[in-house]
There are 4 protein chains.
Amino acid sequence: MANPRGTGRPRDPRIEADAHAAVRALLVEGGYAAVTGAAVAARAGTTKAALYRRWPALPHLVHEAVFPGELALDLSLGADLPTDLAGVVRGARDALCTPVAAAALPGLLAEIGTFPDLHAAMLQRFAGVFTALDDRLRVAVAAGEAHPEARADDLLRLVIGAVIAGLLLTPGALDDGWVDRLTGTLVRSLRS
Amino acid sequence: MANPRGTGRPRDPRIEADAHAAVRALLVEGGYAAVTGAAVAARAGTTKAALYRRWPALPHLVHEAVFPGELALDLSLGADLPTDLAGVVRGARDALCTPVAAAALPGLLAEIGTFPDLHAAMLQRFAGVFTALDDRLRVAVAAGEAHPEARADDLLRLVIGAVIAGLLLTPGALDDGWVDRLTGTLVRSLRS
Amino acid sequence: MANPRGTGRPRDPRIEADAHAAVRALLVEGGYAAVTGAAVAARAGTTKAALYRRWPALPHLVHEAVFPGELALDLSLGADLPTDLAGVVRGARDALCTPVAAAALPGLLAEIGTFPDLHAAMLQRFAGVFTALDDRLRVAVAAGEAHPEARADDLLRLVIGAVIAGLLLTPGALDDGWVDRLTGTLVRSLRS
Amino acid sequence: MANPRGTGRPRDPRIEADAHAAVRALLVEGGYAAVTGAAVAARAGTTKAALYRRWPALPHLVHEAVFPGELALDLSLGADLPTDLAGVVRGARDALCTPVAAAALPGLLAEIGTFPDLHAAMLQRFAGVFTALDDRLRVAVAAGEAHPEARADDLLRLVIGAVIAGLLLTPGALDDGWVDRLTGTLVRSLRS
DNA sequence: CACTAATCGAGACGGTACGTCGCGTCTTGTG
DNA sequence: CACAAGACGCGACGTACCGTCTCGATTAGTG
């Protein structure tokens with residue numbers, strides 16, 4: 001898609017940033033339905049053609065605008081397990097409950113059916129967290145804080161699922177008390 | 001929407017049923033994107049006007065077609081707690097992982113942003129399960145099988161979230177082993 | 001269409017009159033496009049079914065409402081020819097330039113293509129005028145006021161055409177001066 | 001409507017021509033009622049959106065397709081008055097009695113009520129004829145062939161009205177004999 | 001006095017056209 | 001090459017009107 005050789009007029013790098021900003025603004029103001037090709041282009045001061053030169057379809061742009069990079073939950077390996085799990089829970093909630101993310105997620109998840117590559121891209125955002133959580137879990141098992149069959153994927157899916165379900169079905173319920181309760185639940189569930 | 005008095009020509013009851021069936025068939029064959037007003041009408045042997053007379057928008061019809069009534073998980077109050085929780089987990093998975101439901105859910109969840117009344121309608125499907133689970137939990141607390149702070153809403157949201165996250169992000173992973181692992185997780189998390 | 005035997009509930013005679021009045025009111029207020037089945041029924045305090053029991057289609061009702069009976073131009077046989085012709089011109093103009101008629105005519109003429117029976121019905125309204133004009137013309141020929149080849153149908157068509165063209169293309173131009181000028185034109189054209 | 005600056009992708013000029021041809025074909029085959037947005041688009045090998053980009057509504061397209069330019073009656077200034085008038089009468093008849101025009105006119109005239117701008121557009125088609133007739137009439141007055149009060153607008157309205165009335169009410173009667181009779185009528189009516 | 005038969009109000013029915021909108025692509029002219 | 005601009009094919013949207021139908025409730029005349 002990108003120009004392999006260095007030939008030709010180079011792409012205007014501001015368009016990427018402007019498009020990201022436009023998407024985020026539209027998401028907050030009008031929800032996922034307001035993120036129209038024409039609307040994004042107008043808001044970003046460019047045209048649809050410039051967008052489609054960069055992203056294969058609108059949802060890809062939205063995904064990139066909402067989740068620009070990998071989630072950084074910085075599991076402070078060394079703190080005790082409850083503290084680290086609380087960090088994961090809180091981090092996942094904070095990342096997905098941004099006004100922008102909350103507006104985009106339902107639509108993005110629905111588009112997975114149409115654009116399978118979005119699926120992989122979204123999962124990729126959690127890859128680092130998964131690795132860190134896997135490592136942390138191994139340490140906890142060695143320390144006798146978690147039973148040996150504990151799996152990081154189940155754990156992470158549980159957290160993400162709880163956040164998504166809360167986001168979609170009971171928005172507003174994911175306060176700090178919820179973080180504490182879910183953390184406690186996870187800690188207890190890890191005991192042998 | 002419905003005719004309050006008995007006046008006027010009564011609605012043809014077959015249209016409701018045919019529309020439901022048409023939506024389910026289209027969902028299975030072509031996914032959520034195939035559920036078009038014209039396609040549903042054609043398949044149901046009726047017209048768009050007849051559909052819009054009954055439902056304010058297509059997603060309402062889809063919701064009704066996919067979740068015709070309340071989820072019945074028949075918590076067998078009396079069995080031991082692990083068995084009952086396994087029933088809830090398995091029941092939620094079975095209800096939401098039907099080919100029809102799996103095809104409809106992502107789109108349906110995304111439409112909540114546009115049609116807020118869909119939100120209440122979807123939650124309503126779990127009202128009975130919540131009540132039953134709440135009762136069961138109280139019994140478990142009294143029997144010393146669960147700690148007193150355990151909350152049915154958190155528990156149910158955890159189950160639903162796990163299913164939805166699994167459905168959206170890792171379809172195919174929700175096998176019987178997953179049911180057993182999640183049940184074990186929940187049982188352990190309930191211990192004081 | 002009507003009930004041949006006297007059996008059954010008799011029709012409510014007020015509906016005819018109310019429907020006529022409703023059509024005329026809607027024509028004046030919103031033009032031909034506002035004369036909808038539902039609108040007429042609502043305005044007349046009845047229902048579409050009652051209307052279609054009486055008229056085969058809406059244009060028939062409109063025609064009846066706008067031109068309830070034959071045009072009565074009362075050619076005062078005996079006056080001089082210019083006076084009589086002025087009466088015809090003025091009468092045709094007055095009959096077709098009513099706000100109601102002016103609003104209905106273009107639509108009615110267009111429906112002729114769909115309902116050929118409307119055609120005959122509309123022509124019928126001029127039958128009496130034609131006969132009278134034909135007689136008057138014969139007298140004029142005998143008196144040497146008109147050349148022998150003068151034909152009433154050509155003459156009448158000329159008058160009606162002039163009114164319709166004025167109505168459709170230059171509304172407002174059909175004032176009394178126009179009546180005098182057209183009358184003069186016709187009188188001169190009849191001279192041998 | 002049109003793109004003022006030369007920017008953007010230029011409109012495909014074939015679409016205009018194809019749409020015109022499609023409208024004419026549909027008019028002849030199925031009458032005014034067959035001229036549907038979808039039908040025109042399909043026949044022209046394009047889409048409804050492309051049509052609505054060019055014309056504000058269907059009747060405007062129909063008008064343009066049926067009367068692409070101004071009527072050219074080429075009054076042969078110089079022939080004697082009866083010959084020139086016969087040319088006007090015959091020309092107006094020929095222009096409005098084409099199968100295409102005859103099918104379109106009733107509908108088009110009826111739409112004037114909904115789209116007032118159509119009115120001006122239709123009158124414009126006769127502007128040149130009016131000017132020429134006005135000039136010719138002045139010559140005739142100077143030559144003593146017509147009385148001084150003769151007005152071209154009255155005359156033209158008379159001709160057009162006669163054609164329209166004949167078209168709408170007595171189709172088939174506008175043969176060459178009718179042309180001669182009407183011409184004679186006009187010539188006599190112009191004498192002082 | 002029941003019975004019959006057509007009308008009444010109300011409103012749903014199938015059908016069809018309307019005009020709009022969004023998508024992702026394409027085609028110009030201009031850097 | 002990229003860019004701005006905007007037309008293109010495609011297809012869905014939700015609304016409106018048409019003329020018909022199906023109800024339950026009236027309202028006469030008839031047996």
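The sequence lines fix the lettering, A, B, ..., with proteins before strands; numbering per chain opens at 1. As the structure is a prediction and not an experimental result, all values here were calculated from the model.
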Presence of A:Arg11 side-chain N/O under 4.0 Å of F:dA2 phosphate oxygens OP1/OP2: yes
Rounded distance in Å - CG (D:Asp18) to C1' (F:dC8): 14 Å
Side chain to side chain, C:Leu118 and C:His60, heavy atoms closer than 4.5 Å: yes
OP1 or OP2 of E:dC13 under 4.0 Å from side-chain N/O of B:Arg54: yes
Touch class at under 4.0 angstrom, heavy-atom based, for A:Thr47 against every strand present: base
Residue A:Leu58, side-chain atoms from C-beta onward, closest of E:dG24, E:dC8, F:dG9: E:dG24
Atom-pair distance (CG on D:Leu51; P on E:dC18), nearest Å: 10 Å
Side-chain donor/acceptor of C:Arg53 to base of E:dT7, under 3.5 Å: no
Whole angstrom value for the distance that separates P of F:dG6 from CD1 of D:Ile15: 17 Å
Comparing C:Lys48 and D:Tyr52 on DNA chain E - which has the more 5′ nearest nucleotide: C:Lys48
5'-most by nearest nucleotide on DNA chain E - D:Ala38 or B:Asp12: B:Asp12
Atom-pair distance (CH2 on B:Trp55; C1' on F:dC13), nearest Å: 18 Å
Whole-Å gap separating P (F:dC13) and CZ (B:Phe115): 10 Å
Test ring-ring contact (aromatic ring centres under 6.0 Å, His included) applied to B:Tyr52 - qualifying residues, sequence neighbours left out: none
Any N/O donor-acceptor pair, A:Arg9 side-chain to F:dA2 base, under 3.5 Å: yes
Sugar-phosphate only, base, or nothing, as touched by C:Ala49 at under 4.0 Å among non-hydrogen atoms: base
Flag side-chain contact, heavy atom, 4.5 Å: D:Thr114 against C:Tyr32: no
B:Thr46 vs E:dG14: side-chain N/O to OP1/OP2 distance below 4.0 Å: yes
Sugar-phosphate only, base, or nothing, as touched by C:Ala57 at under 4.0 Å among non-hydrogen atoms: sugar-phosphate
NZ/NE/NH1/NH2 to OD/OE distance under 4.0 Å, C:Arg24 and C:Glu29: no
Contact nearer the 5' end of DNA chain F, comparing C:Ala33 with B:Ala33: B:Ala33
Of D:Pro13 and C:Pro10, the one whose closest DNA chain F nucleotide lies more 5': D:Pro13
Short side-chain N/O contact from B:Arg14 to OP1 or OP2 of E:dC13, under 4.0 Å: no
Over all atoms of both residues, closest heavy-atom pair of C:Pro99 and C:Val28: CB-CG2, 4.4 Å
